[in-house]
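What follows is a set of notes on a single structure, which appears directly below.
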Amino acid sequence: MAFFTGVPTTWALGANIMYEHHFAASGRVLPVWKLGAGALHATNPIPEGETAFNFTVLTALGVDVMITEKNVLFLGYRFHHVSNANIGNVNPGINVHTIIWGLSFYR
C-alpha cells in the first residue's frame with residue numbers, strides 16, 4: 001500500500017485478521033462479505049505530523065468466482081479506515097475506498 005501525502009511517497013506494511021462470510025453455499029459465483037482489523041506501520045507518519053504506527057479496520061463486499069475447484073477469483077469493493085486510535089496528538093484518520101481483485105489457490 002502506498003500513501004501519496006506529498007514528498008516523499010509514504011510506503012506502509014500491515015497485517016489484518018480477517019473474517020469472511022459467504023452468502024451462498026454452492027455455485028460458481030458466491031457473494032461474500034469480509035471484515036478485518038489490524039495494524040499498519042509506515043515509512044513516514046500518516047497523516048504528516050502524526051504517527052507512523054496506525055490501526056486499521058476494513059470491510060469488503062464482493063463475489064468469489066470459482067474458476068476451477070481449487071482456484072478462486074475475488075472481485076469487490078473495500079472500505080479501509082486507518083487511524084492512530086488516539087496514540088498521537090490528534091486522530092484525524094484516513095478512509096480509503098478501493099476496487100479490489102485477487103486470485104486464491106487452494107490445495
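Computed from a prediction, not measured in an experiment: that's the story for all the values here.
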Could you go through residues 95-102 and list every donor-acceptor pair under 3.5 Å that involves a side-chain atom there, pairing it with any protein atom two or more places apart or in another chain?
from	atom 1	to	atom 2	distance (Å)
Asn95	OD1	His81	ND1	2.6
His97	ND1	Tyr77	OH	2.6

Which heavy-atom pair separates [X] from [Y] by the least distance, and what is that distance?
{"X": "Ser83", "Y": "Gly93", "value": "CB-CA, 3.9 Å"}
{"X": "Ala42", "Y": "Thr10", "value": "CB-CG2, 3.7 Å"}
{"X": "Leu40", "Y": "Ala12", "value": "CD1-CB, 3.7 Å"}
{"X": "Pro92", "Y": "Glu50", "value": "CD-CG, 4.4 Å"}

Quick one: does [X]'s side chain get under 4.5 Å of [Y]'s, heavy atoms only?
{"X": "His41", "Y": "Asn54", "result": "no"}
{"X": "Val63", "Y": "Phe74", "result": "no"}
{"X": "Asn16", "Y": "Leu58", "result": "yes"}
{"X": "Leu103", "Y": "Ile67", "result": "yes"}
{"X": "Thr59", "Y": "Arg78", "result": "no"}

Checklist entry - Who else is in Phe53's hydrophobic cluster (ILVMFWY, side-chain heavy atoms under 4.5 Å, direct or via others)? => result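 Phe55, Ile87, which link up through side-chain heavy atoms under 4.5 Å apart, make up the rest of the cluster.
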
Next on the checklist: Checking Thr51 now: which residues fulfil side chain to side chain donor-acceptor pair (under 3.5 Å) with it, not counting sequence neighbours?
Outcome noted: none

Checklist entry - Can you get from Leu61 to Tyr19 by hopping between Ile, Leu, Val, Met, Phe, Trp and Tyr side chains that sit under 4.5 Å apart? => result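 Per the 4.5 Å side-chain linkage, Leu61 and Tyr19 are co-clustered.
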
Checklist entry - Applying the 4.5 Å side-chain criterion to the ILVMFWY set and letting contacts propagate, would Phe105 and Leu75 be lumped into a single cluster? => result yes

Next on the checklist: Does the plane of the ring in His21 sit parallel, tilted or perpendicular to the ring in Phe23? Use 30° and 60° as the thresholds.
Outcome noted: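 The arrangement is perpendicular - the two ring planes meet at more than 60°.
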
Item to check | Leu35/Glu20 under side chain to side chain contact (heavy atoms under 4.5 Å, CB included): CA gap, chis, key distance, verdict | outcome: CA-CA 7 Å; Leu35 180 66; Glu20 186 172 303; over 6 Å; no

Checklist entry - When rounded to the nearest 0.5 angstrom, what distance separates CD1 in Ile17 from OG1 in Thr56? => result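 Rounded to the nearest 0.5 Å, the CD1-OG1 separation comes to 10.0 Å.
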
Item to check | Asp64 (side chain) donor-acceptor with Val72 (main chain) under 3.5 angstrom | outcome: no

